[in-house]
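A quick write-up on the structure given underneath.
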Amino acid sequence: MYGLWKPRVLGSWKVPATGPVILAVNHSHNIDGPMVIGVAPRASHFLVKKEAFVGPLGPFMRAVGQVEVDRSTADRTAVTRALGVLKDGGVLGIFPEGSRGEGDFAALRAGLAYFAVRSGAPIVPVAVLGSAEKRGRLIKALPPLRSRVDVVFGDPFDAGDGSGRRTRKALDEATERIQKQLAAHLDDARRLTGR
């Protein structure tokens, strides 16, 4: 990432040095995941749509521990692998919006709340800013080479309410709490970076 763009990483010290943690990353461009993987202070395993595991990239992504997920069904294999990452004290990266979009955390899917409540792992919000501002001249699908991309890590927080409940209602309430925290972090990151 540092060879192709100019990442400015802020708050990486906020990621707990040990134990399970979930990185909740906004997603407005296809380089957001690789950018966070490249600059995060700990090795991370992202939930990645199975469509990305094509050609020579597929075996490479599996070898570096990315978790392939079939979004068309309840992918029990992916869920088990993701929970295993957290059980082993690892870092799980999730795009809580489910797919690329505005990257504003406006519409979250329930998966993030499920993993956070089930594992008890804290969530660290991550805002990637600048990846979708301009298109590159040589490769239109990427930001301009050597352009600045900001990656802002926020304060860790717990998604649950402390009761340990895992009901549908508890997950819905956790999703609401998470959405507010992520939106507030994104606002803070925009103020901090001027984007």
With hydrophobic residues grouped by side-chain heavy-atom distances under 4.5 Å, do [X] and [Y] end up in a single group?
| X | Y | result |
| --- | --- | --- |
| F115 | L171 | yes |
| F46 | V126 | yes |
| V152 | V91 | no |
| F53 | I31 | yes |
| V48 | V64 | yes |

Is any side-chain heavy atom of [X] less than 4.5 Å from a side-chain heavy atom of [Y]?
| X | Y | result |
| --- | --- | --- |
| V124 | F157 | no |
| F153 | P125 | no |
| V69 | K50 | no |
| S12 | P41 | yes |
| S147 | K6 | no |
| T193 | L10 | yes |

Chi angles and distances behind the side-chain contact (heavy atoms from CB on, under 4.5 Å) call for V151, R8: CA-CA 6 Å; V151 181; R8 179 171 61 167; over 6 Å; no
Heavy-atom pair of closest approach, residues [X] and [Y]:
| X | Y | answer |
| --- | --- | --- |
| L186 | A127 | CD1-CB, 3.8 Å |
| V54 | E51 | CG1-O, 3.2 Å |
| A82 | L47 | CB-CD2, 4.1 Å |
| V117 | A174 | CG2-CB, 3.9 Å |
| K14 | P156 | O-CG, 3.5 Å |
| L182 | A24 | CD2-CB, 3.9 Å |

Exercise: do D75 and T73 side chains pair donor with acceptor under 3.5 Å: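 D75 vs T73: no donor-acceptor pair found between side chains.
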Audit row: E176, Q181, side-chain contact (heavy atoms from CB on, under 4.5 Å) steps and yes/no: CA-CA 9 Å; E176 285 183 40; Q181 291 270 39; over 6 Å; no
For [Y], is there any backbone N or O sitting under 3.5 Å from a side-chain donor or acceptor partner on [X]?
| X | Y | value |
| --- | --- | --- |
| N26 | V128 | yes |
| R42 | V21 | no |
| R177 | A159 | yes |
| H45 | L92 | no |

I need the [X] [atom1] to [Y] [atom2] distance, nearest 0.5 Å.
| X | Y | atom1 | atom2 | result |
| --- | --- | --- | --- | --- |
| M35 | L4 | CE | CG | 8.0 Å |
| L192 | D187 | CG | CG | 12.5 Å |
| L112 | I178 | CG | CD1 | 4.0 Å |

Aromatic plane relationship, F95 with H27 - under 30° parallel, 30 to 60° tilted, over 60° perpendicular: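 Taking F95 first and then H27, their aromatic rings lie parallel (interplane angle under 30°).
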Lys/Arg-Asp/Glu bridge criterion (N-O < 4.0 Å) met for R191, D188: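 Between D188 and R191 there is a salt bridge, with a charged N closer than 4.0 Å to a carboxylate O.
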Step-by-step side-chain contact (heavy atoms from CB on, under 4.5 Å) determination, L23 to I94: CA-CA 6 Å; L23 301 180; I94 296 178; over 6 Å; no
Residue pair Q66, F60: steps toward the side-chain contact (heavy atoms from CB on, under 4.5 Å) verdict: CA-CA 9 Å; Q66 304 317 307; F60 171 75; over 6 Å; no
Listed once per pair and sorted, the side-chain hydrogen bond (donor to acceptor under 3.5 Å, both in side chains) pairs that draw on residues 81-92, sequence neighbours left out: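 Checked against side-chain hydrogen bond (donor to acceptor under 3.5 Å, both in side chains) - neighbours excluded - no pair reaches residues 81-92.
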